[in-house]
Student: 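What follows is a structure written as structure tokens; I'll ask about it next.
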Amino acid sequence: MNKENSSLAERSDQVFIGTYARYPAAMVKGEGCTLTDADGNTYLDCLAGIAVCSLGHCHPDITKAVCEQAAALTHVSNLYYTKPQTELAELLTGNSFADRIFLANSGAEANEAAIKLARICAGPERYGIISLAGSFHGRTLATVAATGQPKFHEGFEPMPDGFSHAPFGNLNVLEAMITDQTCAILCEPLQGEGGVRPLDVEYLQGLQRLCRNHDLLLIFDEIQTGMGRTGSLFAYEQLGIVPDIMTLAKALGNGMPIGAMLTRNELAASFVPGTHASTFGGNPVACAAAVAVMKIMLADGFMDEVLAKGDYLQKGLEDLAARFPSVATGARGMGLIRGLVLTEKGIESGAEMVRKLFDKGVLINFAGNKVLRFLPPLIISREEIDTLLSALGEILAEYES
Ligand SMILES: *Cc1c(COP(=O)(O)O)cnc(C)c1O
């Protein structure tokens, strides 16, 4: 039993730098919301590679796009044009506030591009970027400095200069932090890693007002919330706020590594040949996958289904919180990014609950050390949501007193 899983785990643990605490499964196959491990166990994937495989694993249209592009042209330098890149750029700018795009390979890289653009637009004296406590923006040095969680900074100080963190939800304190050096405010419309923490609309509108009044750029990190996760192509559309710069990654390529930084013409003009670049950014295979993703997400009714299933999951989670009040206090989120907020008592066992769900064949994670986070593929069925909810109910019952 579990022979292949444990053998792969043992071999990996001998040779990998230990940056990940992994569950004892080596995944070999994915289809829709189902993953299969090396010993043939199956899992209902309610994490989707952390908001990446939003159209489910190995969606046939995306597999086809990837295979065809890989057979035609896998890589060419950004010194030349390619069709998948062009199509993707047209689709993303044509369906957002943005006029222009820069393509990168990951979320952190997209945020790096946004930080560099904000700084170069503001000129030499203005380099300060204010982000929010509890935020997550990536693991490179600049993006980790922007991340408002001290645990990610520990051991890597000194952090790059120019990043400060405002307490969550307080506009007055944030305004008092703005100086002559500040050039931008960076935030997620809803904090994903921070524990599926929504920011209220008035607060976000306040941020936009501060940006206007103080001549700052508003950067939305939509790496986790973008690409349909919240029930619209981008979360900003539902909030009635238009950022100056937006970053995307995670679900953009449904598993192919790709990131993007989008902005308006006036700001984009500050980047010229030589100011920023990436060898792999805009890779044709990743772009072909992203074009296929966009076409599916733009089809009629897609977002309505995400919203309806998001409500269904929310109601199910609220019911569980009502049934097990000593471990869970309620549910929150938008669309199909949802969190079950645990009580003090529940928090102690959050990681263990995730492990017990894993043992039952359901994959979720524990975010911000306080919330059980659900990020299923957007194509999840109501029956699959029911499977998740009933497995979760069995686990919560073990902790209810
Ligand atoms: C995942 C994430 C990132 C980092 O993306 P990587 O691809 O891991 O570099 C940045 N910001 C947010 C909001 C994220 O969720």
Side-chain angles (χ1 to χ4, degrees), residues 19-20 47-54 102-118 129-149 151-153 156 160 163 165 168 184-199 204 207 218-230 233-236 239 243 245-262 278 280-283 286-287 289-290 293 333-339 364-369 371 373-376 378:
T19 50
Y20 305 106
L47 197 54
I50 314 192
V52 168
C53 299
S54 282
F102 176 84
L103 290 171
N105 310 289
S106 67
E109 276 185 50
N111 280 341
E112 287 275 346
I115 292 164
K116 287 177 77 176
L117 183 68
I129 293 180
I130 302 175
S131 53
L132 301 184
S135 62
F136 183 81
H137 298 296
R139 300 292 201 140
T140 60
L141 271 175
T143 60
V144 90
T147 292
Q149 302 188 56
K151 67 174 180 197
F152 293 119
H153 301 168
F156 302 115
F163 295 93
H165 308 104
F168 189 84
I185 295 175
L186 165 63
C187 77
E188 301 153 87
L190 173 156
Q191 292 186 345
E193 300 306 306
V196 191
R197 218 160 41 144
L199 282 79
L204 288 166
L207 288 184
L218 181 60
I219 307 172
F220 266 12
D221 177 343
E222 291 232 28
I223 289 165
Q224 190 157 152
T225 55
M227 301 309 294
R229 180 52 60 184
T230 64
L233 194 54
F234 310 112
Y236 80 81
L239 300 166
I245 300 174
M246 172 173 71
T247 52
L248 300 173
K250 292 208 162 84
L252 181 54
N254 206 56
M256 293 302 289
I258 183 167
M261 186 270 286
L262 293 102
S278 166
F280 293 122
N283 169 275
C287 286
V293 168
M334 293 168 77
L336 280 170
I337 174 167
R338 293 285 165 182
I364 66 160
N365 86 338
F366 189 40
N369 287 322
V371 160
R373 179 172 55 168
F374 311 95
L375 291 163
L378 304 179

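We count ligands from 1, going down the list as the structure has it; atoms in each ligand are counted the same way.
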Student: May I ask you to check whether Glu109 has an N/O atom sitting below 3.5 Å from an N/O atom of ligand 1?
Tutor: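 So ligand 1 has no N or O lying under 3.5 Å from an N or O of Glu109.
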
Student: For Arg197 versus Ala133, what's the shortest heavy-atom pair and its separation?
Tutor: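 Closest heavy-atom pair between Arg197 and Ala133: NH2-O, 3.4 Å.
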
Student: If we count only N and O atoms by modelled type, under 3.5 Å, do the side chains of Ser54 and Asn254 hold a donor and an acceptor together?
Tutor: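 Checked: Ser54/Asn254 side chains show no N/O donor-acceptor pair below 3.5 Å.
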
Student: For Ala108 and ligand 1, does the shortest N/O to N/O distance drop below 3.5 Å?
Tutor: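 N/O-N/O distance under 3.5 Å: yes.
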
Student: Give the numbers and elements of all ligand 1 atoms closer than 4.0 Å to a heavy atom of Phe136.
Tutor: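 Within the 4.0 Å cut-off of Phe136, ligand 1 contributes 2 (C), 3 (C), 4 (C), 11 (N), 12 (C), 13 (C), 14 (C).
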
Student: Which residue, Leu204, Leu262, Ile245, Leu207, forms the side chain to side chain contact (heavy atoms under 4.5 Å, CB included) with Phe220?
Tutor: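 The single option meeting the side chain to side chain contact (heavy atoms under 4.5 Å, CB included) with Phe220 is Leu204.
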
Student: Under a 3.5 Å cutoff, is there a donor and acceptor pairing between the side chains of Asp221 and Asn111?
Tutor: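 Yes, because at least one side-chain N or O of Asp221 sits under 3.5 Å from a partner of the opposite role on Asn111.
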
Student: Short check: is a protein heavy atom less than 4.0 Å from atom 8 (O) of ligand 1?
Tutor: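 Flag for atom 8 (O) of ligand 1 set to false, no protein heavy atom closer than 4.0 Å.
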
Student: Is there a nitrogen or oxygen of Ile223 sitting under 3.5 Å from a nitrogen or oxygen of ligand 1?
Tutor: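 Checking ligand 1 against Ile223, no N or O pair falls under 3.5 Å apart.
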
Student: Number the atoms of ligand 1 from 1 as they appear, then name those within less than 4.0 Å of a heavy atom of Ser106, with their elements.
Tutor: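 This gives 7 (O), 9 (O) as the contact atoms.
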
Student: Which of the atoms in ligand 1, numbered in the order shown and given with their element, are less than 4.0 Å from a heavy-atom of His137?
Tutor: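 The atoms of ligand 1 under 4.0 Å from a heavy atom of His137 are 10 (C), 11 (N).
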
Student: Mind checking whether Glu188 contacts ligand 1 via backbone (N, CA, C, O), side chain (CB onward), both or neither, at a 4.0 Å heavy-atom cut-off?
Tutor: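 Only the side chain of Glu188 comes within reach of ligand 1.
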
Student: Without hydrogens or angle criteria, can the side chains of Glu193 and Gln224 be said to hold a donor-acceptor pair below 3.5 Å?
Tutor: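 Side chains of Glu193 and Gln224: pair found under 3.5 Å.
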
Student: Would you say the side chains of Thr140 and Glu112 form a donor-acceptor pair under 3.5 Å?
Tutor: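 Distance-only check passes for Thr140 and Glu112.
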
Student: Please say whether more than 12 non-hydrogen atoms of neighbouring residues, nucleotides or ligands are located less than 6.0 Å from CZ in Phe152.
Tutor: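 Yes - once you tally the heavy atoms of other residues, nucleotides and ligands closer than 6.0 Å, there are more than 12.
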
Student: Starting from atom 11 (N) of ligand 1, find the nearest protein heavy-atom neighbour and note its residue, name and distance.
Tutor: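 Minimum-distance protein heavy atom for atom 11 (N) of ligand 1 reads Asp221 OD2, 2.7 Å.
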
Student: Test side-chain contact (heavy atoms from CB on, under 4.5 Å) on Ile129 and Ile115; report intermediate values, then the result.
Tutor: CA-CA 8 Å; Ile129 293 180; Ile115 292 164; 3.7 Å; yes

Student: With a cut-off of 4.0 Å, which atoms of ligand 1 are near a heavy atom of Gln224?
Tutor: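 Those atoms are 15 (O).
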
Student: Looking only at distance, does Gly107 have an N or O less than 3.5 Å from an N or O of ligand 1?
Tutor: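 Checking ligand 1 against Gly107, an N or O pair does fall under 3.5 Å apart.
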
Student: Going by heavy-atom distance to atom 14 (C) of ligand 1, choose the closest among Glu222, Glu193, Lys250.
Tutor: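 Result: the heavy atom closest to atom 14 (C) of ligand 1 is in Lys250.
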
